[in-house]
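Have a look at the structure below before the remarks.
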Amino acid sequence: MSSSMAAAVSSLRALPLHTLVPLVASALAFVVTVFRRLLRRQRPVYLLNYSCHLPDADRQCNLEVCEYFGLRSKRYTDETADFMRLIFRKSGLGQETFAPPFIFSGKFEKTLAFAIQEAEEGLFTVVSQLLAKSDVSPRDVSVLIVACSMFSPQPSLASMIVRRFKMRDDVKVYSFAGMGCSAGTVGIDMAARLLRVQRRPGYALVVVTENTSLNWYFGNNKHMLVTNCIFRVGSAAALVTDVPARRADAKYELMRTLRTHHGADDAAYNAAVQMEDEDGGVGVALTKDLVRVAGAGLRSHIATLAPYVLPVSELLRYVYRVAWAYSGGNPKAAAALVPDFQRAFEHMCIHSGGKAVIDTVAKLLGFAPAVVEPARATLHRFGNTSSSLVFYELAYFEAKRRVRAGDRLWMLAFGTGFKACSVVWRALRDSGPDADNPWNGCAHRYPAALPVPTPRRQNYQPQPTEQQQQQEEQKKH
Ligand SMILES: CC(C)(COP(=O)(O)OP(=O)(O)OC[C@H]1O[C@@H](n2cnc3c(N)ncnc32)[C@H](O)[C@@H]1OP(=O)(O)O)[C@@H](O)C(=O)NCCC(=O)NCCSC(=O)CC(=O)O
């Protein structure tokens, strides 16, 4: 024992018992806490890379394509066609979104074969692109998570991928449906949890898509027609890993995930539901209440998220503003206050499930138009592609070369149920567009290509359809 140690021990011995006991107890508690923390420390999880599907240009779906399909199918009344035209014009979708294969087939029936074709095209393309550019073999993948809300075939979409890419037989496969547009973020959360309980570091492949073929709605229920007008084809795949050696190649590190479920509330549960109309036509109904439900869900979601992501200065500022409003006798104003999330994140991938959804998030969180520009651009270019939306939005930031090492990025998605899910990333390096970035060749057109915002419920005069014009002509003669 060195002389200084011996001196310390003898001075400890000299202490009275009532001082020595608490001192030793606190020191022991400190050592145990540090040891337990070290044992429980989770391995960092990285987003190695991701890939989004860009269907062929001949699958682009402008208003003319929709009108032609509607007319030729002979399944819609004039009033219904007018309604869809109105929603299309107001939706914030551009003229280059992608429709499922059956729309272009000349057959006006939804069939399982078309749904399988739609699924295979999206899933197989994104998985091949992603594995190739990440230098990962399909046999390296230990966890496979596949999500598609509206289509759940047997064997599952996950099995289709295992078969196609000849994955190993101990791959842990999870295929989930009915989770709505939040499934992409839920998939990342699930991948991180599954990797962390594995003994050895590995790779989790998360593949998300939506499939509208079998839920294309041929009827007159307006809530179900809105789905036809805003949902479009899109898929994404992401490779999540906790292999320490891949940190140098990874684009982002996962900082936090948060999932909140508001389904205990009837209105939230019923906001978006798959149903049959009175004639037995199946589709997904989006109620007008969905936007309010999304706002309420977001409020409770951010109340949980805020303490984990906001800097202390912003939390204190928020508490001060709330206290000030209360002390001024204005509890309503106090309840409406939200912290400034722009102090927590440099980039935000906000769920772009519809124009009104983006408007609601922007209003509630006090975001300037520039903050929601990527969400509006994604809705305009790709439509509501459901669970893959947040990846198309991430690709937008990269296409615009806005991501710098150290930047914090917030993915926020809503899903039927009704649920909200957040994923927070930190950029490990500057990122530009990959060769398969779906915005290559069009990112430069944004935000200029976005339509001028129109006030909701503005007077709108529907244009006569081709059929109506012909009837008018016939009447004249
Ligand atoms: C549909 C819209 C583009 C319409 O634009 P505006 O709001 O500017 O237009 P508006 O208010 O004048 O409405 C135009 C006409 O559409 C009708 N209308 C609007 N929303 C409707 C709805 N959900 N069901 C039935 N009708 C609806 C209005 O009554 C009006 O008809 P009339 O003139 O006859 O009175 C917008 O409201 C919107 O973006 N809504 C949100 C879409 C949505 O739910 N997205 C989430 C998808 S689900 C998701 O993302 C999560 C998941 O799936 O998991």
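Every number for a ligand or one of its atoms is a count from 1 in the order of the listing. All values reported here derive from a predicted model rather than from experimental measurement.
- Residue contacts with ligand 1: Ala272 is placed with no nitrogen or oxygen under 3.5 Å of a nitrogen or oxygen of the ligand (distance criterion only).
- Remark: ligand 1 and Ser182 share no N or O pair separated by less than 3.5 Å (distance only, no angle test).
- Numbered from 1 in the order shown, with element, the atoms of ligand 1 that lie under 4.0 Å from a heavy atom of Gly180 read 54 (O).
- Side-chain atoms of Tyr50 and Gln129 form no donor-acceptor pair, as typed in the model, at a separation below 3.5 Å.
- Taking distance alone, with nitrogen or oxygen atoms compared against 3.5 Å, Leu86 stays at or beyond that limit from ligand 1.
- Residues Tyr46 and Ala250 approach most closely at CB-CB, 3.5 Å, considering heavy atoms.
- For the ligand labelled ligand 1, residue Ser386 lies outside the 4.0 Å heavy-atom shell.
- Geometrically, ligand 1 and Cys181 share a nitrogen or oxygen pair separated by less than 3.5 Å.
- Under the side-chain hydrogen bond (donor to acceptor under 3.5 Å, both in side chains) criterion, Thr80 pairs with Thr77, Asn220, sequence neighbours left out.
- Residue Phe414 touches ligand 1 through its backbone alone, judged by heavy-atom distances below 4.0 Å.
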Can you list, pair by pair, the side-chain donor-acceptor contacts under 3.5 Å of residues 174-188, counting residues two or more places apart and other chains?
| residue | atom | partner | partner atom | Å |
| --- | --- | --- | --- | --- |
| Ser182 | OG | Met179 | O | 3.3 |
| Thr185 | OG1 | Ser182 | O | 2.8 |

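- If you number the atoms of ligand 1 from 1 as listed, the ones under 4.0 Å from a heavy atom of Val357 come out as 45 (N), 46 (C).
- The aromatic rings of Tyr392 and Phe382 sit tilted relative to each other, their planes meeting at an angle between 30° and 60°.
- Side chains of Ser134 and Asn49: a donor-acceptor N/O pair is absent below 3.5 angstrom, by distance only.
- The shortest N or O to N or O distance between His223 and ligand 1 is under 3.5 Å.
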